[in-house]
Number of protein chains: 2
Amino acid sequence: MKSVFKKSLSLTVLASSLLSLGASAAPANDPATLGQIRDSAMNSDWAYERLADLTDLVGPRLSGSVGAQAAVEQVSAAMRKLGAKVTLQPVKVPHWVRGEEKAEVVEYAGRPNGVTQKVVLTALGGSGATPAAGLTAPVIVVHSFEELKAKGAQVKGSIVLFDVAFDQEMADRGQAGPAYGAGSRIRTQGPRLAAEMGAAAALVRSVGGANYRIAHTGATGLVDGARIPAAAVTAEDAMLMSRLSARGPLKLHLTLTPQTLPDADSFNVIADWPGTDKADEVVIVSGHLDSWDLATGAHDDGTGVAGAMGVIETLKKLDLHPRRTIRVIAWMNEENGTRGGKAYFEANKDKLDKHFAAIESDEGGGRPFGFIASVTPQMVKYFAPLKTALDPIGAGVFQRHDQAAGADIGPLERAGVPSFQPLVDASFYFSYHHTPADTLDKVSPLELKRHVAVMTSLSWFLANMDENIGRVAKTD
Amino acid sequence: MKSVFKKSLSLTVLASSLLSLGASAAPANDPATLGQIRDSAMNSDWAYERLADLTDLVGPRLSGSVGAQAAVEQVSAAMRKLGAKVTLQPVKVPHWVRGEEKAEVVEYAGRPNGVTQKVVLTALGGSGATPAAGLTAPVIVVHSFEELKAKGAQVKGSIVLFDVAFDQEMADRGQAGPAYGAGSRIRTQGPRLAAEMGAAAALVRSVGGANYRIAHTGATGLVDGARIPAAAVTAEDAMLMSRLSARGPLKLHLTLTPQTLPDADSFNVIADWPGTDKADEVVIVSGHLDSWDLATGAHDDGTGVAGAMGVIETLKKLDLHPRRTIRVIAWMNEENGTRGGKAYFEANKDKLDKHFAAIESDEGGGRPFGFIASVTPQMVKYFAPLKTALDPIGAGVFQRHDQAAGADIGPLERAGVPSFQPLVDASFYFSYHHTPADTLDKVSPLELKRHVAVMTSLSWFLANMDENIGRVAKTD
C-alpha cells in the first residue's frame, strides 16, 4: 500500500509529509504495516553497520572515558542524519580508571624453589588500589557469605577468594539471567563484606561461562573508607588456588592500581521520532551506550543500542510515523552506577503518565524469540497482532512477568510504566559479557536483523495501540 | 593369575623378584595380562596426581626456565620412587624470555579524537624486540605468502599481519593435525619472509580454535641478524585490523621486549624399567616435559608425560617385567628447538638397531581411540591381540601411516625406528594449545586413565613381541 503511494508522489517535501500523516492515520497496527516493518528490518544492514562503527571506531566506552564521549557524538550524529530530534541529557557519571593488574601465588605447600604461579585477574569496577609495589597476604578460600563469616578474625589482613562457579547448565536451560544473578550477588556484595571483616583484598571467581582463562569484570559494591582492592580471577585461577589451598597455606602477591577520579560529565542520547495525534505520549526503546573497558561491548550493549537505533531507521525508510512519539535512548552509565537511568527518571518523574511504555534490550544479540512484558495479565490478549506479525521470524513468544525492565528503565517500571525487553537466547551471553572477548565478531548479522525487527515492531505497536495499556503494579 | 601368586607369596624381597621374573617369562602378550594392564590403568589416579603435581606445583616450564628445571627434578623423583633407573641426559637448550607485550591501533580512518584500539597479542618464541618504548608503523594485511610477495617494496618498514583463520571445521572432522599444520606453516615461516622483505615486525593470527580473545604463542623461524619482533594476535584482533584496513590505512604502536639469552643447561629425563631376556633392546614411551610459558601445559604435553610415567606405575603395581626395556622419556625443549630429541638421537645413533620401537604422545589428553603406527603394512596383523585388549575401552583402532612420530622421536623414525602415537580426539586440543588456558581443569581424569591404559598396553605389547617388528622405510 505504502509503496503505491510512494510511486505516485515524492514530488515535494510538503506533499511527502502530508502523505506520511495520511499513512499513519490509517489503522496503525494493521497486519500489512507490521509485515512491512518486519520485512524491512530483515533486509537492512544498517543496524549492523552502526554496531560496527560503534565497536570498531569507538571501541570500549566506560563512563567518563574518551570512548564514552565519542560514542555519544557518534550515535547523536547517526540519529540526526535520520532526521530524529536529538537531545543530549547531561549526566554526572563515576569515573573509574583501570590501572596495572597482576598477581602471583608466591607461597604454597610443595612449591619448588624460585617458582611462583601466575594468577590472571582483572580489577572490578570500583576496586580500591594496592600499594604500587603490591601487597602480599594469605589467601582464604570460601564458597559463601556464611563460610566467610564463620572464618571470623582469620579474615583480617587476608585476601578472601570467593570460589563460586557460574552455573552454565542453568544458562543452557534458558535461565541465564538467574544464573548471572546468583553469581553477581557474590561479586557485588562479597568484597564489601570482606572489607567489613578487615580483609586486605577480595577476589571473586569470574561470573560467566566459557573457560578460556579470561576474567570477567563488573561493578562491585565497595564504599568509600573501605575501598579494598577487589578483582575477578579466571575460573581456572580460582580452581588453582582452591587446589593449592587444599595442599596447605598459600600467599598471593597482588598488584591493582585503579583510580577513582572525580565524577565526569556525560550524557544520555535521546532521539525522538515524533508522534502524530498523541505526540506528547512517549514509548521509550533503548539500550545502554557505555560498556566495560576490556572490550568493545558488542553484545553488552552494542546490540541493544544498535537495535534501538534501527527502529528509527526502519520507520524512516518506510516513511512511517506513529501516533505516540517513539523515543530512542542510548543510556549512559548502566555498568557502574545507572546514573543515566536515574537522571532520566528524576527529570521526568512528573511526566510519568505520558510514558506509555518503555523497552530496553540488554541481554545481548542472541536469537530473539519474542518479548517479556510487565503488563497486567488482562492486557496480554491485545498483543495478538504483534505476535502474528513476528511468528514468521520465530519471534512471536509473549511472556508476562511482574518485572521486565532492564536496569536503566527500572525506575520507570517501579513507578508503574509498563516495561518490555526482547526475549533472547542468552545461553552464551555470559561467556563474553564483561570480558575482552565481547567483540563484533560474536554478533550474528542475521540475529541483529531479527533484533531490529522485534524492537521496531514492538515500538510501533505500542506507539499506535488504541487500548490504554494501563499501569503495572509497583514492585517495590 | 598374578593376584593368586601374589597372595601366596610377598614373603621376602628376593622371593618377590624371583616371582616377577617367573611371571614375565610366561606368555607375555597373553590376553589375561593385557586385560590386567588395562584394568589396572583404568582404576588408578596416579597419573592424574602426577599431572596435578606437574601443573599446579611446577606450572609453566619453558626451556631454560626455573620451572623447566623443577619439572626435571619432580619427574625424576617420581620415577625413582617407583624403582625405575633414572638418567638425566644433558641438553643445551634455547633460553628465550618473554618481556612486555602490548599494542594499539593508533591511526585509522574514522578514528575519534583521542581514541585508540587495543590489540591483544603475545610474542612468538624467538621473536626479536622492539625498542623499549615500542615502534609505530603502518599495518599491511595479507592472507598468504604470495600476497605478501606481491606487495613488494611496500613491505619495507611496515608491520605485516598474516590474517589466516584456523580451520576449526577441519579439526572437528578429525583432521586437527593437518589444520594446525596449515596454520603453523604461516607462523613459523611468515615472520622470516616478512623480515627478508624488510618488514618492521610481523604478526600472525593465532593458530588455533576457540575465540575468546586469547593469543596462541608458538615458535617462529626467525634467524639471527633478521630477528624482527613477531607476535600472534588473537583472532578477534586480526579481524579488527582487517576491518579497519578495509576503511583505510592504519598504524599500530607495538611493544615487544623479549630476550634471547645464552643457551641454558637442561636435561631429558630417562627412566628405564629394565627388560628381562632382551634387556638391551629398548621401547621408548614418551612425552615432552617443557611447555610454553603462558600456561601450565596440561594438555601440551603434561598428559603425554603423565601418560608415559603411568606406564611404569602400572607395571610396577602389577609386578610385570617386560622382555625388552621400557624407557620412559620426558623430553626437554620440544616447543622451541627439539634439542632433547636431537641430543638423544646423537647419543644413540650407533644403537638404533637396539631401539625396537618409539612412542610419543603429544596431541593432548583427549579421548584415545587407539594408535597410529609407522610399521610396515605386513606387520599390522600381529597387533590383533592388543586391539582386542583395548576394544573394551573403545581404544582398539590401529591406523598405519608412513609417519607416526611426534617431534622428539622424529629423528629415530626417520632413521627407521617404528614409531607410534595414541590416536586421540584432538578436536578441541588446538583451542587450548599454546594459550594461557592450557590448564589442569581441561584434562578429563577418565580420559587420562584411558591414555595410561593405551600407553601401557602398547609399551608392554611391543616390549614382549616375538615378531621382529622390522624397520620402517626412510621418510627423508
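Here is the naming used below: chain letters follow the sequence lines, and residue numbers restart at 1 for every chain.
Interface remark: Asn113(A) contributes backbone atoms only to the contact with chain B (heavy atom separation under 4.5 Å). Only the side chain of Gln117(A) comes within less than 4.5 Å of a heavy atom of chain B; its backbone N, CA, C and O stay farther away. Contact of Ala235(A) with chain B is not made at all, since no heavy-atom distance falls under 4.5 Å. With a threshold of 4.5 angstrom between heavy atoms, Leu250(A) does not approach chain B through any atom at all.
Interface residues of residues 54-65 of chain A toward chain B, defined by a heavy-atom distance below 4.5 Å and sorted by number: Thr55(A), Asp56(A), Leu57(A), Val58(A), Gly59(A), Pro60(A).
You'll find the side chain of Tyr212(A) reaches within 4.5 Å of the side chain of Ser431(B), heavy atoms only. A 4.5 Å side-chain heavy-atom check between Arg213(A) and Thr439(B) finds at least one atom pair inside the cut-off. Side-chain contact between Arg243(B) and Leu440(A): present, with at least one pair of heavy atoms (C-beta onward) separated by less than 4.5 Å. In this structure, Thr296(A) and Lys118(B) have side chains that are not in contact, with every pair of non-hydrogen atoms separated by 4.5 Å or more.
If you tally non-hydrogen atom pairs under 4.5 Å between each of Ala295(A), Gly110(A), Gly114(A), Pro436(A) and chain B, the highest count goes to Pro436(A). Between chain B and the options Lys442(A), Gln74(A), Glu73(A), the largest number of non-hydrogen pairs under 4.5 Å is found for Lys442(A). Of the listed residues (Leu240(B), Val120(B), Thr116(B)), the one with the most heavy-atom contacts under 4.5 Å to chain A is Leu240(B).
For Ala231(B), the side-chain contact (heavy atoms from CB on, under 4.5 Å) test picks out Leu121(B), Leu203(B), Leu256(B), with sequence neighbours left out.
Of all heavy-atom pairs between Ala70(A) and Val115(B), the closest is CB-CG2, 4.2 Å. In terms of heavy atoms, Ala437(B) sits closest to Glu236(A) at CB-OE2, 4.3 Å.
The distance from the CD1 atom of Ile214(A) to the OG1 atom of Thr435(B) is 11.0 Å, given to the nearest 0.5 Å.
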